[in-house]
Amino acid sequence: MAILLWSSLASLGTFTQRLPPFLVTAIALAIGALLSIRHIAQWRVPLKTFATGVAGIFGYHCLLFTAFRTAPALEANLLNYLWPLLIVLLSPVFKLGTLRWPHIVASLCGFAGAALIVTKGQLHVPAVLPAGFLFAIAAAFTWACYSLQTRKLPAFPNAAVGGFCLASALLAGLCHLAFEPAILPDSGEWLALLAMGIGPLGLSFFFWNIAMTSADPRQIGAVSYLTPLLSTMMLAATGLGTMNRTSWIAAGLILGGAIMGSLAGRAERD
């Protein structure tokens with residue numbers, strides 16, 4: 001469910017392109033926080049848990065937006081999609097399972113497919129690498145480490161993710177006031193922001209927390225590469241993008257990696 005919701009972000013984002021990114025994040029995360037407001041008593045968690053949640057959600061988006069501002073968007077987006085691979089590779093570091101060759105191959109297949117989807121087979125590496133590349137890599141590490149660390153923390157209510165979202169929304173709002181021009185959304189943009197807050201920047205984080213605390217992170221990492229594929233397919237279905245031969249080759253690599261990762265986990269359990 002998290003992957004499906006994240007896949008809709010690009011399509012929804014086409015309706016908010018006029019708005020500054022920190023403003024979009026602040027509003028959408030605030031809406032997402034309201035999804036668990038009736039369980040606000042469960043937002044009270046240990047400081048370490050709260051800090052991990054805010055560092056993961058706000059830190060990731062802050063680093064990613066900085067990357068997009070300081071590096072070509074296409075290459076930055078590709079580096080951002082290192083996070084599923086990092087979830088797999090860092091699982092042993094967090095003592096969440098050993099790393100076997102099927103997990104590595106599955107993740108590499110997924111990353112190769114994601115690279116084709118994002119670059120459309122046309123990656124141009126500049127002679128001097130922009131500093132934004134480092135921010136994109138840092139964003140990928142931040143999301144991977146946050147995802148794995150949630151499994152290591154003492155058990156906490158899933159509703160507490162709403163508190164993480166609200167604190168992250170406040171920080172994003174401060175960044176908007178400090179670094180971006182003041183713009184008011186129109187009625188159509190408010191509808192898109194509402195959809196974002198309910199879906200890819202709201203419910204998705206609750207679903208993701210359930211997944212990371214109850215399933216094999218190595219399998220999740222392999223399956224997560226479905227995100228750019230499904231995102232591209234949604235854009236194509238709504239007339240906002242196209243699926244060409246490169247896209248279908250990428251689809252085969254991503255699906256193959258996801259299936260291999262799933263089978264590797266099942267064989268290990270058996």
Side-chain angles (χ1 to χ4, degrees), residues 1-13 15-16 19-66 68 80 83 87 138-180 185 189-214 220 224 227:
M1 290 301 298
I3 290 168
L4 285 173
L5 290 172
W6 285 333
S7 299
S8 69
L9 185 58
S11 298
L12 291 172
F15 299 99
T16 60
L19 302 177
F22 277 116
L23 175 63
V24 172
T25 303
I27 295 174
L29 285 178
I31 294 171
L34 295 177
L35 297 176
S36 70
I37 193 69
R38 64 192 182 99
H39 299 296
I40 193 171
Q42 298 180 20
W43 288 12
R44 187 175 181 179
V45 293
L47 180 59
K48 180 179 179 181
T49 300
F50 181 76
T52 298
V54 176
I57 294 177
F58 171 73
Y60 169 72
H61 288 93
C62 182
L63 288 167
L64 186 60
F65 291 153
T66 304
F68 283 142
N80 166 54
W83 67 259
I87 285 178
F141 264 100
T142 297
W143 190 254
C145 290
Y146 159 68
S147 300
L148 293 167
Q149 182 61 24
T150 55
R151 194 180 181 92
K152 302 292 290 183
L153 293 170
F156 60 91
N158 194 45
V161 174
F164 305 161
C165 290
L166 182 59
S168 298
L170 292 174
L171 290 173
L174 291 175
C175 288
H176 165 65
L177 293 175
F179 305 118
E180 296 175 339
E189 289 165 341
W190 274 114
L191 287 175
L193 289 168
L194 178 62
M196 283 184 180
I198 294 174
L201 291 180
L203 281 173
S204 63
F205 298 128
F206 295 92
F207 286 130
W208 187 250
N209 185 63
I210 295 172
M212 288 306 305
T213 55
S214 60
I220 292 176
S224 293
T227 307

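Quick note: residue numbers are just sequence positions, from 1.
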* Roughly how far, to the nearest 0.5 Å, is SG of Cys175 from CG of Leu23? -> 12.0 Å
* Indicate the atoms forming the closest heavy-atom contact of Leu5 with Ser8, along with that distance. => O-OG, 2.6 Å
* Would you mind reporting whether Phe156 and Pro46 have side-chain heavy atoms less than 4.5 Å apart? => no
* side-chain hydrogen bond (donor to acceptor under 3.5 Å, both in side chains): pairs with one or both residues in residues 191-201, sequence neighbours excluded -> none
* To do: Only pairs at least two apart or in different chains count here, so list each side-chain hydrogen bond (donor to acceptor under 3.5 Å, both in side chains) that has a residue in residues 160-176.
  => His176-Glu180
* Not counting sequence neighbours, which residues clear ring-ring contact (aromatic ring centres under 6.0 Å, His included) with Phe22? List them please. => Phe65
* Measure the SG-CD1 distance between Cys62 and Ile57 for me, rounded to the nearest 0.5 Å. => 14.0 Å
* Structure fact -> Ala55 meets the side chain to side chain contact (heavy atoms under 4.5 Å, CB included) criterion, sequence neighbours left out, with none
* What is the distance from atom OH of Tyr60 to atom OG1 of Thr25, rounded to the nearest 0.5 Å? -> 10.5 Å
* To do: With sequence neighbours excluded, tell me which residues meet ring-ring contact (aromatic ring centres under 6.0 Å, His included) with Tyr146.
  => Trp143
* Structure fact -> So NZ of Lys48 and CG of Leu153: to nearest 0.5 Å the spacing works out to 6.0 Å
* Asked: What is the distance from atom CZ of Phe141 to atom CD1 of Ile87, rounded to the nearest 0.5 Å?
  -> 12.0 Å
* **Sequence neighbours excluded, every pair satisfying side-chain hydrogen bond (donor to acceptor under 3.5 Å, both in side chains) that has a member inside residues 193-203** => none
* Check whether any side-chain heavy atom of Leu201 lies under 4.5 Å from a side-chain heavy atom of His61, and answer yes or no. => yes
Just list the side-chain donor-acceptor pairs under 3.5 Å for residues 190-199, sequence neighbours left out, or say none.
unit_1: Trp190; atom_1: NE1; unit_2: Pro185; atom_2: O; d: 3.3

* Compute whether any side-chain donor of one residue and acceptor of the other, for Ser204 and Trp6, lie under 3.5 angstrom apart. => yes
* Structure fact -> In short, Thr16 meets Glu189 closest at the heavy-atom pair CG2-O, 4.2 Å
* To do: Would you please name every residue forming a side chain to side chain contact (heavy atoms under 4.5 Å, CB included) with Lys152, sequence neighbours left out?
  => Phe94, Lys95, Leu96, Gln149
* With sequence neighbours left out, write down each residue that passes side chain to side chain contact (heavy atoms under 4.5 Å, CB included) with Pro157, or none if nothing qualifies. => Gln42, Val45
* **salt bridge (Lys or Arg N to Asp or Glu O under 4.0 Å) contacts in which one or both residues fall within residues 157-179, not counting sequence neighbours** => none
* Structure fact -> Residues at least two apart in sequence or cross-chain that pass side-chain hydrogen bond (donor to acceptor under 3.5 Å, both in side chains) with Trp208, listed by chain then number, are Ser147
* Asked: How far apart are the C-alpha atoms of Met1 and Leu203, what are their side-chain angles, what is the distance that settles it, and do they pass the side-chain contact (heavy atoms from CB on, under 4.5 Å) test?
  -> CA-CA 9 Å; Met1 290 301 298; Leu203 281 173; over 6 Å; no
* Hey, could you give me the CZ/OG1 distance between Phe164 and Thr150, rounded to the nearest 0.5 Å? => 9.0 Å
* Smallest separation among heavy atoms of Cys165 and Phe205, with atom names -> SG-CD1, 3.8 Å
Tell me which donor-acceptor pairs under 3.5 Å the side chains of residues 27-41 have, and how far apart each pair is, sequence neighbours excluded?
unit_1: Ser36; atom_1: OG; unit_2: Trp43; atom_2: NE1; d: 3.0
unit_1: Ser36; atom_1: OG; unit_2: Ala159; atom_2: O; d: 3.1

